[in-house]
There are 2 protein chains.
Amino acid sequence: MKNKLDYSLYLVTDRTLCRGEFIECIEAAIRGGVSVVQLREKDASSAEFYSIALELRKLTRSYGVPFIINDRADIALAVDADGLHIGQSDMPLDVARSILGSEKIIGVSASCVDDALLALEEGADYLGVGAVFPTGTKSDADSVGIDELRRIKDSVDIPVVAIGGINEINAHIPMSAGIDGISVVSAIVASPSPLDSSKRLLDIVKKSKNI
Amino acid sequence: MKNKLDYSLYLVTDRTLCRGEFIECIEAAIRGGVSVVQLREKDASSAEFYSIALELRKLTRSYGVPFIINDRADIALAVDADGLHIGQSDMPLDVARSILGSEKIIGVSASCVDDALLALEEGADYLGVGAVFPTGTKSDADSVGIDELRRIKDSVDIPVVAIGGINEINAHIPMSAGIDGISVVSAIVASPSPLDSSKRLLDIVKKSKNI
């Protein structure tokens, strides 16, 4: 799993933004071409987080889509997720690695080359770089220019996905930095059709990557 | 460690209530006789929770006092805590056990005999029963009468500590139910002298247990 991941269209969930039922929304997004699903829950209790993670684990497994948990290594272990994503206010990478073992994917948020190199050195499996555009879904996000995104991609030999305010209008811009994929929240989950939005976003990524 | 625990005076932390520096407050409480320390953090980021847990792990280890983490199995693993406490809105006990293994202490919140028997069956190592008195530190706590507390203690063969609004004035009341100890938050951490308050509370517990 770890070495074969396709990061083209990396969905980060936000239940509060879904127009319809959450699981149906994510399933439509997967059918539309989402290649990785990350469950992000900022206010849920552990019981609720676990319960939702268990549902998404079943769904993603049935479609063969990798499933990543945001922040909580215990939830990742509890549902046998494929990996964990850690941001700058989460547990240190080496600590997360010691809990999860070497087989799980660990992704790290980075907003500059120094962050990226440190994460690489500490054993990150991929980087989420952002926010590349202003965003309403993550209030503490710093802005990262496309030039810095390209420098990050050129500095590391692990996959790089851009995140932050990416939609169908602007997705080609971060992709022009030669990165591996885009990570989106509202452009899919808040869409009237998560399926169609995912298809269109994936098309843009594929065109940018000449595939 | 697991079988030798003394639950007489079980401190649950609340950083927001401390009058002075947090670690000094907990150290004073330990010097005053606190026999178990549980770190409870409801709003901290994972990075912050981990960092504070690491500090308290060092402190408790230096005094030989058992250290329990509230809710977060990953933080418990990360700092090699002695155990985890799970409430009704936390991860299920069997899931926590599978993450932590058999050697770690797992305590469970209970507010009736049915909760207690279920937790016992699922392998809980001790029970925190409450709230026995009205409390400002946990807004969703249900009230448990002293008769129910006694029924719970009589129903299980694992240690039972009472929690919720316990202070130097009323501590003898839950102790009269024949339980193993009291769990306090504000009566120690919000005290002008956590050391003196801990000493006086421990005296009450010892007198109740005839030791």
Side-chain angles (χ1 to χ4, degrees), chain A residues 38-58 68-81 83-102 104 106-111 115 118-119 122 138-141, chain B residues 38-58 68-81 83-102 104 106-111 115 118-119 122 138-141:
Chain A
Q38 179 195 126
L39 175 61
R40 183 158 74 187
E41 289 289 330
K42 284 298 177 196
D43 300 311
S45 69
S46 293
E48 196 180 12
F49 200 157
Y50 169 69
S51 165
I52 297 159
L54 211 54
E55 279 193 83
L56 274 196
R57 171 70 292 187
K58 281 179 201 160
I68 307 286
I69 297 286
N70 184 269
D71 180 19
R72 294 283 301 265
D74 49 355
I75 303 287
L77 283 176
V79 304
D80 190 26
L84 179 73
H85 186 86
I86 49 183
Q88 298 299 326
S89 63
D90 299 341
M91 192 179 274
L93 174 53
D94 59 338
V95 177
R97 180 63 78 196
S98 73
I99 292 174
L100 292 174
S102 58
K104 297 286 187 195
I106 300 184
V108 174
S109 297
S111 57
D115 284 355
L118 183 64
E122 292 183 336
K138 203 155 192 281
S139 56
D140 60 348
Chain B
Q38 178 195 126
L39 175 61
R40 183 158 75 188
E41 289 289 329
K42 284 298 175 195
D43 301 310
S45 70
S46 293
E48 196 181 12
F49 199 157
Y50 170 69
S51 165
I52 297 159
L54 211 54
E55 279 193 85
L56 273 196
R57 170 71 291 186
K58 282 180 201 159
I68 308 286
I69 298 286
N70 184 272
D71 180 20
R72 293 285 300 266
D74 49 355
I75 304 288
L77 283 176
V79 304
D80 190 25
L84 178 73
H85 186 87
I86 49 183
Q88 298 298 325
S89 63
D90 298 342
M91 191 178 275
L93 174 52
D94 58 337
V95 177
R97 179 64 78 196
S98 72
I99 293 173
L100 293 174
S102 58
K104 297 285 187 196
I106 301 183
V108 174
S109 297
S111 57
D115 284 356
L118 183 64
E122 291 183 338
K138 202 156 193 274
S139 56
D140 61 348

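Throughout, a chain's letter reflects where its sequence line sits, starting with A, and its residues are numbered from 1.
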B:D43 atom CG: more than 12 heavy-atom contacts under 6.0 Å: no
Considering all heavy atoms, the nearest A:D90-B:A47 contact: O-CB, 3.1 Å
Interface residue of largest heavy-atom contact number with chain B, from A:R72, A:Q88, A:M91, under 4.5 Å: A:R72
Under 4.5 Å from a heavy atom of chain B, the part of A:I75 involved: both
Greatest number of heavy atom pairs closer than 4.5 Å to chain B - which of A:L77, A:I86, A:I99: A:I99
Distance (rounded to the nearest 0.5 Å) between B:S45 OG and A:D71 CG: 8.0 Å
Between CD1 on residue B:I69 and CG on residue A:D74, distance to nearest 0.5 Å: 11.5 Å
